[in-house]
Colleague: 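The structure follows.
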Amino acid sequence: MGTNGDEHEHDTDCSVVISEVYLYLDLECSEDRRALIKKHLDDCSGCLEEYGIEHEVKALVARCCGDETAPLELRERLRVKLDQLEVQVETREYLP
């Protein structure tokens, strides 16, 4: 059910795939979700291109930063901000 108005119909919405592409890249989603996203990427050249860009960015960051990880405090602050943003987006979708 593509909502982008293109001629391709997908079981999974493109916006969902793009929003979960980092989980997919980091192997942090369930096997079912991975299979769903992989099938979508196989069928959708637009999302596959976006996936490729994200993959390249992730590889570049890994090369530049090595094994460094963000401090726990920073990761927690980011997680809270992302959760707040997600709630705002979900709330906005239901407004008239």
Side-chain angles (χ1 to χ4, degrees):
M1 287 169 246
T3 57
N4 296 342
D6 60 24
E7 69 278 4
H8 301 295
E9 289 295 316
H10 302 294
D11 293 338
T12 310
D13 193 89
C14 291
S15 62
V16 172
V17 170
I18 296 307
S19 71
E20 293 188 17
V21 79
Y22 269 109
L23 294 176
Y24 181 82
L25 281 167
D26 292 335
L27 307 174
E28 291 182 0
C29 52
S30 70
E31 280 303 311
D32 289 349
R33 290 305 285 170
R34 285 191 64 72
L36 214 60
I37 291 171
K38 182 175 184 341
K39 180 183 183 313
H40 184 97
L41 290 174
D42 289 344
D43 295 340
C44 181
S45 58
C47 285
L48 184 60
E49 185 177 327
E50 185 73 23
Y51 165 78
I53 291 167
E54 300 296 348
H55 190 273
E56 289 297 317
V57 168
K58 189 169 171 51
L60 180 63
V61 169
R63 275 199 308 273
C64 293
C65 298
D67 291 331
E68 290 180 37
T69 57
L72 187 60
E73 180 186 328
L74 174 60
R75 291 199 313 235
E76 286 304 312
R77 285 191 354 235
L78 282 173
R79 189 174 305 279
V80 168
K81 284 286 185 196
L82 288 171
D83 287 344
Q84 288 172 350
L85 183 62
E86 203 170 273
V87 167
Q88 287 174 358
V89 169
E90 286 174 3
T91 304
R92 200 174 305 132
E93 287 177 358
Y94 296 109
L95 294 177

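For the single chain, residues carry numbers from 1 onward in sequence order. Not measured: the values here are computed from a predicted model. In what follows, every heavy atom counts, from backbone to side chain, and hydrogens, waters and symmetry copies are set aside.
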Colleague: If you group Ile, Leu, Val, Met, Phe, Trp and Tyr by side-chain heavy-atom gaps below 4.5 Å, do Val57 and Ile37 land in one group?
Modeller: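 Yes, one cluster joins them.
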Colleague: Side-chain contact test, heavy atoms from C-beta onward, threshold under 4.5 Å: evaluate it for Tyr24 versus Leu41 and give yes or no.
Modeller: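 Yes, side chains in contact.
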Colleague: Going only through I, L, V, M, F, W and Y residues with side-chain contacts under 4.5 Å, is there a path from Val61 to Tyr51?
Modeller: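 Val61 clusters together with Tyr51.
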Colleague: Is Arg79 salt-bridged to Asp83, cutoff N-O under 4.0 Å?
Modeller: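 Not counted as a salt bridge, because no side-chain N and carboxylate O are separated by less than 4.0 Å.
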Colleague: Taking the side chain as every heavy atom from C-beta outward, state whether Glu50 and Val21 have any pair of such atoms under 4.5 Å apart.
Modeller: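 Glu50 does not reach Val21 side chain to side chain.
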Colleague: Can you tell me how far the CG atom of Asp13 sits from the NE2 atom of His40, to the nearest 0.5 Å?
Modeller: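 Spacing of CG (Asp13) from NE2 (His40) equals 7.5 Å.
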Colleague: State, yes or no, whether a side-chain contact exists between Leu36 and Lys39 at a heavy-atom distance under 4.5 Å.
Modeller: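 Not in contact.
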Colleague: Just how far is it from atom CG of Leu48 to atom CG of Asp42, taken to the nearest 0.5 Å?
Modeller: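 The CG atom of Leu48 sits 7.5 Å away from the CG atom of Asp42.
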Colleague: Has Glu28 got more than 12 heavy atoms of other residues, nucleotides or ligands less than 6.0 Å from its CD?
Modeller: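 Yes, enclosed.
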Colleague: Begin from the C-alpha positions of Glu54 and Ile18 and carry the test side-chain contact (heavy atoms from CB on, under 4.5 Å) through to its verdict.
Modeller: CA-CA 9 Å; Glu54 300 296 348; Ile18 296 307; 5.6 Å; no
Colleague: Going by side-chain hydrogen bond (donor to acceptor under 3.5 Å, both in side chains), name the residues that satisfy it together with Arg77, two or more places apart in sequence or in a different chain.
Modeller: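 By the side-chain hydrogen bond (donor to acceptor under 3.5 Å, both in side chains) rule, Arg77 matches Glu73.
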Colleague: Indicate whether any N or O donor in one side chain lies under 3.5 Å from an N or O acceptor in the other, for Asp32 and Ser30.
Modeller: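 No, no side-chain donor-acceptor pair sits under 3.5 Å.
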Colleague: Please identify each residue that fulfils side-chain hydrogen bond (donor to acceptor under 3.5 Å, both in side chains) with Arg33, with sequence neighbours left out.
Modeller: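 Partners of Arg33 by the side-chain hydrogen bond (donor to acceptor under 3.5 Å, both in side chains) criterion, ordered by chain and then number, come out as Glu20.
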